[in-house]
Amino acid sequence: MVPTRRALLGGLATVPLLHHSARAQARPGFVRYGLSAFPPNLSPWDNTGASAGTVKMLLNRSLVAWNAKGELTGELATSWGLDDQGAWVFKLRQDVVFHNGEKLTAKDVAWTIEQVAGEKSTAHMRVQFQQLARVETPDPYTVRLVPKEKLATLPAWFANYNMHICWAGSDPRTPIGCGPYRLVRQERGTSIELAASPNYFKPGLPKLKGILFTAYPDENLRIAALRAGDLDMIEYVPWQAMASVETDARLRLDEVQGAAFMDILFNGTRPPFNNPLVRRAVAHAVKREDIVKVAFFGRGRPLEGVPIAPGTPYFDEQLSRGWAYDPARAKALLAEAGYASGIQAKMLATAQFGMHKDSAEIVQQYLAAIGIQVELQLPDWSTRVSLGTRGQYDLAVHGVAADSNDPDGLSVVMDTSLSNTHSRSFSLAAPRTSAAFAAGRAEFDLAKRVEIYKDLQRAALEEVPLVGLAWRSQGFGMDKRITGFKNLPGQLSTSSGNQLEYTDFA
Amino acid sequence: MNFVLRRVALALALVWIVATIVFIAIHLVPGDPAELLLSTGGTAPDPATVAQLRDRLGLDLPLSTQYLAFLQGLLRGDLGTSLVDDYPVLDEIALRLPRTLELIAAGTTLAILIGVPAGTWAALNRGGPFDRAASATAAFVLAIPVFVVGTLLILLLAQTLRVMPAGGYVPFARNPGQHLLLLTLPALAIAKGLTAVLFRMTRSSVLDVVGQDHVRTARAKGLHPSRVVLRHILRNALSPVLTVLGLHMGALLGGTVLVEYVFNWPGLSTPLLRAVEARDYPMVTGIILVVSTLFLTINLITDLLRAALDPRIRTA
Amino acid sequence: MKRLALPATLVGVIVLIALLAPFLGLPDPVRQDVAQRLALPSPGSPLGRDEFGRDVLARLIWGGRTSLSVAFAAALIACAIGTTLGLMAAWFRGLGGMLALGSTDIILCFPPVLLALLVVTLAGPGSVTLVMVLSVLFLPGFARVTYAEVQLVQELEYVEAARAIGATTPRILLRTILPNVAGPILVQLSLAVAAAIVLESGLSFLGMGVVPPAPSWGLMIRGARTTLEQAPQLLLWPCAALTLTIFAINLLCDALRDTVDPRTAQKSR
């Protein structure tokens, strides 16, 4: 009997080892990457979210890109600048080859812009590129973009993860790119496998043989899979798990501050929030530290002004505290607006994302303290988008990232003269803020731009097109052996996927 | 034969009603698929761009036209393509349905193997220590939500002990061992509730039958106890158990959502949830249609099985 | 009767605590105090504070009030309508019966979570929507079980006897058949209440149930899951409350069943 029992015990003892070796079956040279959402599609120009953007930036390349320091660097373009007629001229690299072997020329750039700005286009950058009067290709490696009006921020358009240059001969439904990786296979909703492109134009890159993307929509499971060694790297480390990733001997956290922020939006078509005094009262009513603690586990910072990133020339310490927590002042503003007896309203957010729900609960409590009783409406995300775009709310809690760290990137969240969407206040009049955005876009001189955007902050503090609540950080978690990856600074964090061409295993 | 035909006709009518209800309901729910797709990640699309996409997807056609097109497609066996990436709905179902069915089959098998014998034994020894312990365990197990069990299993087995992967899926053909390993936790989570339900139903049903005259007669005739249990008690007691099992298996078809979510098992529930979130109308309608057809088939089989087990129903 | 005493007391105490919540001198369950976030038990709050610094004991009791009232309301509505439908379908048979039962089959064709999703997105999340969804979900179970049981019972001697002595249909249905099929229906009821409580927690967990900041056990579990690393005890309390409640309800229904059901009552003698 003894040998049998020993054999049995031995057998049991090997079980964990067996599983362990089964788990550590990563192919050498391949990184297993956990996505927070499966890309709805990989169209190089339509916006289908940041996770899709990560994959798209690897399959394709654009004229320029953001580098690890958050500056624009050349990709397909070697240089760019303004000519004396106010047109932007891009010089192209001559050694770029598309995945099908065709060489890149200026024709491909012109064709891409034609697709994006076309009448039937559904591209994310469509409105921007429709501001061009024409696209000229004086020689095969020069592109000249002539805008209808002066445009200071045009080059950055090409760094957006929804703007990639594709081969002019492609079927517009399946455009061919020239990125460091190629699509090997994908299983809809589950995984995407990429392999290094053999004819990529940067010598020695990409460093990896391939990347296996798997979607882990549940943040708890995503972090569990990283800890268990099923994944080498994940995006959007949940804030509550960041501390434990930092202390894990096997793992590393790459976190950047100010990647995105939470804000309050208003419906400008009906009282009481069409009154800027009431909106200012709301702005002074909320103690932001509570949101940072509860929704982000301390992984963020209070945002008591216009969301201009600290450390940029446009940041102003005093203006950044323009909406500091001051309940007495909030009550006074409310009384001045004629609502001393209080307000009843409905506040829209979504229960689908914890940070939206948590922020809304805290805002609700602080608004009650100054006499604004709000009832929470927390439908699913889709309904929230729909209600927001149609203005079916009094005030709303939202989370968003600007397009870039340049203040003009904020126009998509603050310029209420643009069309109504769920991520901007609804039909709210903030004429001075909008005028400042227009002035900033047409100005090329840095010192003058700084002044314009400081004026913008002063205007916005009074007009209150939105109320800033809290900056949040964003982190990538990875195995310590992974090298060459860098989380891009500030609101560019969602564009960090382009760093995967430098990524390698030590 | 008449009985079978009537049931099949009824089932077909139900499929049509379900298809229509889902089609109308999902179009009534607020949210515009074109706007949602272009808003992924919280960015705000331009209304003109949304209008272009609506036009391309045919969302501006009258609802009646869309409904007729949907019915015509249905008659041809075509469920359409996704609004999100133009992927054929049928292909998606063909890929994922087998995985959900595998999960349900594994969970149900576990549940039957544990629940039915335990329920019978508990009923035959009513009030005994086993009955009390098992009843208490069943009540306890029924009470813990599946997502808590999932979280705790992952926390314990994958993160702390590191003997299991945290979830996911590997095709059986590629790696049978890993496939079964990955199946274990979600199957356990599915079996959890069903085992308790089967246990309770079997127990109460057997108790019912035990008190009936023919069992007492059989006992009085001096038949062997195991023969009494098998021939006289279980045969009659299993009919309501089957009804309940059929009901629950149908519910499981769509009820695996939480389990598939927590364990990242790429079955049919995840794309369904995603499709509802994205208001991907063809995908939602197609998946529910297939799930409900399957459910009706299970129901039909349950009814016919019950009729076979219990002659009184056939004559009714 | 003696078997009823213990479970009845247990359920009674739970229901009583939930009913008496406003008079127990508890702190306000929605009042936040972020400085006290995730605080451990202290004299003022014996179960500690949650992620917003709210009192956990107060939320547990007020949450129980929400969870229990939703579950009981849903199960009783489902039981009343479902049993009636099943009874009618089995007794009158024919096309009407088939249609009555068939209409409940339509409900069963929908995956429950999806049905909830559709109804909640259409009607907006909240307690009333929850009761609606849950009662619709459990209705077919009652209809089918009643139908199956009545089919078995109506051919038996005592029904024939009641018919023979000229009893009216309502009288036969209510006085003769219903008591004889009450056992399985009661079992179904206990399952439905228990399942309703679990489902409520599941839907609130997915954000489709009770609207915050109102407390419910499901919402508490959802909140505790994110703070599992920082404060695992927060997951324990709502889970323990759920388990205890369902356990008690199940015990009560088992005991009730043995007492009420004439067949098993006979046998147990």
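Residue numbers begin at 1 in each chain, while the letters A, B, ... track the order of the sequences. A quick note: this is a predicted structure, and the numbers were derived from the prediction, not measured. Just the heavy atoms: all of them, side chains too, but no hydrogens, waters or symmetry mates, feed the values below.
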What part of [X] is in contact with chain B, defined as an atom under 4.5 angstrom from a non-hydrogen atom: side chain, backbone, both or neither?
| X | result |
| --- | --- |
| A/Asp218 | both |
| A/Val127 | side chain |
| A/Arg390 | side chain |

Checking heavy atoms, do the side chain of [X], its backbone, both or neither come under 4.5 Å from chain A?
| X | value |
| --- | --- |
| B/Glu92 | side chain |
| B/Ala34 | neither |
| B/Phe263 | backbone |
| B/Asp91 | neither |
| B/Asp55 | side chain |

Distance check, rounded to the nearest 0.5 Å: [X] atom [atom1] versus [Y] atom [atom2]?
| X | Y | atom1 | atom2 | value |
| --- | --- | --- | --- | --- |
| A/Ser121 | B/Arg56 | OG | CZ | 8.0 Å |
| A/Thr48 | B/Leu38 | OG1 | CG | 9.0 Å |
| B/Gln52 | A/Asp46 | CD | CG | 11.5 Å |
| B/Leu57 | A/Thr122 | CG | OG1 | 8.5 Å |
| A/Ser386 | B/Leu36 | OG | CG | 7.5 Å |
| A/Thr190 | B/Leu95 | OG1 | CG | 7.0 Å |

Original post:
Are any non-hydrogen side-chain atoms of B/Ser82 and A/Arg188 less than 4.5 angstrom apart?
Top reply: yes
Original post:
Quick one: does A/Asn41's side chain get under 4.5 Å of B/Asp86's, heavy atoms only?
Top reply: no
Which heavy atom of [X] sits nearest a heavy atom of [Y], and at what distance?
| X | Y | value |
| --- | --- | --- |
| A/Glu187 | B/Pro266 | OE2-CB, 4.4 Å |
| A/Ala123 | B/Thr49 | O-CG2, 3.6 Å |
| B/Val84 | A/Pro40 | CG1-CB, 3.3 Å |

Original post:
Among A/Thr383, A/Thr421, A/Leu221, who wins on heavy-atom pairs under 4.5 Å with chain B?
Top reply: A/Leu221
Original post:
With respect to chain B, which residue among A/Ala52, A/Ser419, A/Ser382 yields the maximal number of heavy-atom pairs within a distance under 4.5 Å?
Top reply: A/Ser382
Subject >> Pick from B/Ala278, B/Ala51, B/Ala48 with the largest number of heavy-atom pairs that fall under 4.5 Å of chain A >> reply: B/Ala48
